[in-house]
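See structure below.
When reading the values below, keep in mind they use all heavy atoms of this one structure, side chains included, and skip hydrogens, waters and symmetry mates. Chain identifiers are assigned alphabetically (A, B, ...) following the order of the sequence lines, protein sequences preceding nucleic acid strands; residue numbering begins at 1 within each chain.
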Amino acid sequence: RYSSFSRRQELDTLTKVHNPLIGTKTHPSRCPDNSAFKQQKLPAWKPQLTPATVLPSFFLTGAFCLAMGVCLILSANSVREIQFDYSDKCSDCSKLRENSSNWNKECHCSVNFTLKEDILGDVFMYYGLQNFYQNHRRYVISRSDAQLLGRNVNKSYCAPFTTYHNGTPMAPCGAIANSMFNDTIDLFYNLNSSAIQVPVLKTGNSWWTDKNVKFRNPKSYNLSSAFAGTARPPYWHKPVYLLDKEDERNNGYVNEDLIIWMRVSAFATFRNLYRRVKRIRQFADGLPAGNYTFRISYNFPVTKFKGRKHVILSTVAWSGGSNPFLGIAYVVSGTAATLTGFVITAIHLKLRKKKTFFQK
Amino acid sequence: MADPIQWARYRWQRLISTEGGEGSSSSSSSNKCYQSSKTSGKHRIVIPCLGHFKEEYEKVSKLYMNNKIRTTKYTLLNFLPRNLFEQFHRVANLYFLFLVVLNWVPLVEAFQKEITMLPLIAVLTIIAVKDGLEDYSKYKMDKRINNLLTKVYSRKEKKYIDECWKNVNVGDFIRLSRNEIIPADMVLLYSSDPDGICYIETAGLDGETNLKQRQVVRGYSEQVSEIDPEKFSSRIECESPNNDLTRFRGFVEHSNKDRVGLSKENLLLRGCTVRNTEAVVGIVVYAGHETKAMLNNSGPHYKRSKLERKVNTDILWCVLLLILMCLTGAIGHGIWLSRYSEIPFFNIPEPDGKLISPTLAGFNMFWTMIILLQVLIPVSLYVSIEIVKLGQIYLIQNDIDFYHEKTDSTVQCRALNIAEDLGQIQYIFSDKTGTLTENKMVFRRCSIAGQEYCHEENAKRLESYQEVNSEDEDSADRQCGSSTHMSEWHGHNCSAVNEPLNRKSLHQLSGSYPAPGREDRAGDVPHSGHFAFSSPIETDVVPDTQLLEKFNQISSHSCQQSEEASSNLSLETMYITDFFLALAICNTVVVSVPNQPRKKMRLSSLGRTPIKSLEEIRQMFQRFSVWRLSSSPLPSVKESSSESPSSFVSKLSIFRMKLASPALDGAVQGAAEPLNTDSPENSPVPQELDIVNAAVGCEHNSAASSFELSPLPKLCYEAESPDEAALVHAARAYKCILQSRTPDQVTVDFAGLGSLTFQLLHILPFDSVRKRMSVVVRHPVSNSVVVYTKGADSVMMDLLRTASEGTNNSEMEQKKIKERTQKHLDDYARRGLRTLCVAKKVLSDAEYAEWLNHHFLAETSIDNREVLLLESAIRLETELTLLGATGIEDRLQEGVPDTIQALRKAGIKIWMLTGDKRETAVNIAYACKLLEPDDRIFTLKSQSRDACALVMSKILEGIQKNTSAKKKPSQKLGNVFASPSTQAPGFSAGLVIDGRTLEHVLHDSLQNIFLELTEKCRAVVCCRATPLQKSVLVRLVRNKLKAMTLAVGDGANDVSMIQVADTGVGISGQEGMQAVMASDFAISQFRHLRKLLLVHGHWCYTRLTNMVLYFFYKNVAYVNLLFWYQFFCGFSGTSMTDYWILILFNLLFTSVPPIIYGVLDKDVPAEILMQLPQLYMMSQKSVAYLPSTFWMTLLDAFYQSLVCFFVPYFTYYGSDIDIFSFGNPINTAALFIILFHLLIECKSVTWIHTVVIIGSILFYFVFTLAFGATFKTRNQPSNSYWIMEKHMTDPVFYLVCILTTCVALLPRYLLRVLQGTLFMSPVVRAKHLDRLTPEEQKEAIKRWKDDFIVNGRVEFQATSGSSTFCSS
């Protein structure tokens, strides 16, 4: 056989023939280099899982987890949160919405509640939806980021919410935008039989990058002309450039309600930030104790998918919301690690009395 | 297998190219049709493109390939389509392609279309780049070879001009000078050598460095001047191109219709080098791809390793898992959908506004899920495995311990993908000669005429050599790499033959050579490998005192001309003389002079030197006397001696003794008579031999010391087999020196009697059927035709002349000699020596002439020449007279017993399969510790199948009785005696079986019982086994016992066995390269097998296993994250991670660490693996990769993915987190888990590991940050814009990642901790040893060894006992 090996030999001999001067002197030895890498003798850290090396790791992890867990639990407990399910309380409205032919009839309802204690600090108002699968694959992709950047879009994943039959494009297109949450919720503070509307902030609720980079209105001298030639999505009551008539910078695609809705939620039960309590006057420290009323314009139908709607008032801590899971998980795993450490210590002490390692 | 395909391809290419080249001439196309039918037949016609052949040449030679070679697979144009075509032959790539296509179906599309293509493109690109680079290097080499220059005869310029190799065509005349490489297969037409010989070295072809003779076509050798191509008017007809290197048939038809046969002796093969011959001219018969060398080039071959087969089944499990998961998704989606009576907001209706039925949606979802969860099938695993194997092979090839300096060779891995099989070997089938032994034959003993000479001094010398040699090797190893050292070694190699004392005499003898200077040697002689068979161990033979004495009597007899010596003595003397003559002549040894290597020693050169001394004048005179002699009776003698005048001594009294033997006729006696009249004083012996004679004559008693001074001429013998060289060297020690060999004559310098030139009539070469070789010579003194035969004693003894009737004295004597010789032969075999018988036969001229007629017929026939030649040889080799026998020792290679012991401790069963006779085989088996002295040896030797079955069942019974009887006490004793020797488990048996019985045993009905029997034996020795039987045995064990087999051998007879075994190992020894070419691994020494298996086998296996398991784990763990999410998104196939990051996760972020892990991880250091062979059983029994391990790994993967998903899930549950923000901590935690998991699994962490792991983490973060910062819309719809940046400022993100990682890895960590403390596997224990100081380590290993024998061996016994006997 005449393999590459023998061919190499042949070439070796050839070079020698043609370069008699080189001849034997530079005959390359096939001897491999004696380097640490090639001889597989690189200095290596060989982790030896012996009790002596292992125990500190268990105890250290345990201690760290326990400490973190306690901190997290404390912080989660400091969060005040109240939640109201208003899909039951506004049963009339929800019945009305069941029939889609009534889609543009107005319906209002109100939810009363009493705060026994003050909620101090920043108070956030969320709306919550249950059983709304915003994370459905085809729903998630049914949007056009390019359109929301103010560009003209020909191709997108918006179908079937791209255009009307007559070819008028929808703005914004896609199922996400089409199904935007359109209830309006106002909070009133009942003080001495007079209801004071709690001042809230509509802006600054979304991510800064979303508001300033990801969402842009089409360039034009005013908004309505910018959206000329487009139509509102079928489920919407009003076109996109009328989302917030009061604030030019919160209108059109950069409307924060829209932006927040477009950030699709990870779970079927989720909440989205709706408003923040503006800390002025008697609300400077948060919400004082007393009677409150939510006045809700009920537009968003949920009975179709057996869903529920909530309104939530909550403060936040550095560790997020009131969910104590992370803290508990840390405490549990910290305890587990410490216990394991003790078990191993016991085993180790018992073993050491008996024999050394290589004696079996 | 590959050859015909390749051949067909070349044929096809050739057709294409000729079509293009020939244009549109219709006449030539009709010619082509005619020709193609002709070339596809059995013969090809070769004619030169000269003279009157011009026109015919156009017709004939157009269709033959020219000498341009192309070994590349691809061209620039067809690379892409062809490479893709080949790559899509792999199932894995088809799977990818399927996914890509699936993703183009809108209904089931899960990712963006481009994204699914990414893995496929990545895999295809990597492999294509690899293939391309390989091919490019081939292309470069082709180009270099194609552009080499050679001298081709040009019709226009009427002379030889330089041409590139690629322009050489069939029918061209090529003139080559010394040391040039032959560019194409050609028939030798002229050689500057007066005898018409050309020496070639075939190292480039088969690695053999000894010279081979090639002969000018008969009829052309007589020409004195160089052949003139213009006048060449013959046509050559030969067979079509084929790959048989050992065969060439054809004839030359002269213009007068005379035919001369051609054989392989006339063919110069491409790739060989012309040596020792000033100039040769040949006509090209095969060129380019049609040369025999190229047809033999089948490239590397691929086997599938056991591990890979196992991986494939586990991948099937993964497929099943994938289908299950997808089904879950599909059913889940269907159920989820059916809960809604109307279209909810979040479900997008079909274009027609309707919702598809849950069943159909579920069906679509199944395919979507397959796309989504595709990573579960670890397709990247195949690419990774390939890369890891390349890395492992690279490391094996660079192991300095495999370097053998003498041959400047190291291990070669020829099969790239079965390195891990080395770790699982259960059976080793080993050849004996050249594998266990050095195949360096050392003359040890001889028996002449029934008298034994045991060469005591020689034995002593060998012992001392052994020590010196091993020291030498040690220092060589230490200085490995210095080429100067190596050349010194060569110098030593040759100069060891001659002592400084005899240098002067040498120059006198060979006259024409200038003083050999070092630079002279290094300068004009290419350093061409090594001198085969010429190590000092073999060349220096210390003569036996007794025999030397008898030898001296020969000289003294001749000196005193005492013709009335006792007949008994003279008969013996005659035997001795003939014996040594036979040793010197009956071979194919080539003589050369070492200080000008490859330069043939020719006595004729003496004639050209100016006459200087009295000595020379005397020689001249002598030559004259030879002339006078040769003018007497037979013309053939005259012819030969006139052609090469040589110093010839005429008065040989001993040859007259021979005349008394009845086989000689009186006429010759008369012719020889006058020679004796010369006076001894005039004896024209070269001076130095005179001195020896004088020394011997005076100091009879101190023969050994006189040997010290003896001036041996500095000659190098190059033989085809080491036995021959050993015999020639032995003869030389007795001053029976082979001086030169030409095709026509052999010159022997015989002791005090001077040079004898034998006219060489025939050589009947050795073959495995006859098991002997013969030379037919005309004796210069008696002038009769003498046949000297040497061969295996089994065949030779039957060919001897039998005393049928008329029991006269000499025949009785013969019988006695035969009996005694047989006794000696048996004794030699018992001592493990290789035995050969030497015999002779004297033919009368009439007998010879009759035989010659038949022989000539046989030689000239084309078709079944081999058979006829064999018959002819057999006809000649009868009625022989036994001269004596030789015992040649084939020394064990260094470190063989240790290696065998270590391998056996590693639980490997070793079988020795050899073609040698039983006694020799058994003795070698004892010597190499394959059999222990207290083993019980069972010998299977029966004539019939039934008897064989009976014997085997008896043996089995015996063994069972023994083991059951011995087991009980041994278990009791186990605790009392810790010593391993008394602790041999039960009892051990060895089985010896010979070739004839093997035939019965291998019959279907007996296979099972035979295997059962061999399982009970600790060693099996098969002697007299044919190559076919060897391979059948290997196949039997491999198939029936389902065992991993390794075959190791060095010769052509081992090739079939090497090919059949799971792993074939070739020893690049002295018997050429066939075994190496067929092997998967080639090593230079048997002892290297120890490290190859115990260390590299173990490492490769554990590394690859761990990496494969890790890959399964990694993919399952990662994909399951997506799967769990399906439960919370209505089984809609949403991924919570950006598609790009999802795909790149496997491709970029976590791909390199496992590869590094697979290449570099080291569980136990090499030294400890070498010292504790028992550790090998771990990998042998696949402890690291049991089915349970696989499922445990999957379970762990499931657990980790659950943790990795649900910790973030519960943390973020009910919050306002968006889909990709939720995915980000999961993905990041998964990265940490997967990388730290690797760190837990790593047994040794080097800086490379650290760099790669940290690099992977950094790369991930940098990539996601950059990705999150730049792509606002590009990776729509899954937009991860700014998510990572946002998370990096959120403490919860870090807390989630830390907790997830810790909780996920805790069980695995705990498991490893417990393994490290409580349930230590031997490997873990061995790892602990590494920590200790050397002294402690030694102590611990020693204790462990004993310990292991007590515990481990019993355990091993139990497992091997229960190991299935699943044959039927």
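- A:R263 contributes no side-chain N or O that, together with a main-chain N or O of B:D1218, makes up a donor-acceptor pair within less than 3.5 Å.
- Using a 4.5 Å heavy-atom cutoff, the side chains of A:V213 and B:Y1281 are in contact.
- With a 4.5 Å cut-off on side-chain heavy atoms, B:Y1213 and A:T269 count as touching.
- For the pair A:K214 and B:W1282, the NZ or CZ position fails the cation-pi test of under 6.0 Å to the six-membered ring centre and within 45 degrees of the ring normal.
- At a 4.5 Å heavy-atom cutoff, the contact between B:S1215 and chain A is made by backbone atoms alone.
- Both the backbone and the side chain of B:I1283 come within less than 4.5 Å of a heavy atom in chain A.
- Looking at A:I312, neither its backbone nor its side chain comes within 4.5 Å of chain B, counting heavy atoms on both sides.
- Proximity to chain B (any heavy atom under 4.5 Å) is shown, for A:Y139, by both the backbone and the side chain.
- Annotation: A:F267 is in aromatic contact with B:F1222 [ring centroid separation under 6.0 Å].
- Atom CH2 of A:W318 is surrounded by more than 12 heavy atoms from other residues, nucleotides or ligands within 6.0 Å.
- At a 4.5 Å heavy-atom cutoff, the contact between A:Y235 and chain B is made by side-chain atoms alone.
- Heavy-atom distances place both the backbone and the side chain of A:K41 under 4.5 Å from chain B.
- For A:I260, no part sits under 4.5 Å from any heavy atom of chain B, backbone or side chain.
- Under the 4.5 Å side-chain criterion, counting only non-hydrogen atoms from C-beta, B:F1128 is not in contact with A:Y133.
- When heavy atoms are compared at a cutoff of 4.5 Å, A:P324 does not approach chain B at all.
- For A:S333, the part lying near chain B is the side chain, with the backbone staying farther off; criterion is any non-hydrogen pair under 4.5 Å.
- Residues B:V1303 and A:Y330 form no side-chain contact, since every pair of their non-hydrogen atoms from C-beta on lies 4.5 Å or further apart.
- For A:S57, the part lying near chain B is the side chain, with the backbone staying farther off; criterion is any non-hydrogen pair under 4.5 Å.
- The contact between A:N323 and chain B is made entirely by side chain atoms (from C-beta outward), counting heavy-atom distances below 4.5 Å.
- Partner of B:Y1309 under the side chain to side chain contact (heavy atoms under 4.5 Å, CB included) criterion, chosen from A:V54, A:T340, A:T61: A:V54.
- In this structure, the side chain of B:N398 does not engage the main chain of A:K38 through any donor-acceptor pair within 3.5 Å.
- Proximity to chain A is limited to the side chain of B:L1306, based on heavy atoms less than 4.5 angstrom apart.
- For B:I1248, the part sitting under 4.5 Å from any heavy atom of chain A is the side chain, from C-beta outward, and nothing else.
- In this structure, chain A has no heavy atom under 4.5 Å from any part of B:F402.
- Using a 4.5 Å cut-off between heavy atoms, A:Y127 does not touch chain B at all.
- Of the atoms belonging to B:F1131, not a single heavy atom falls under 4.5 Å from chain A.
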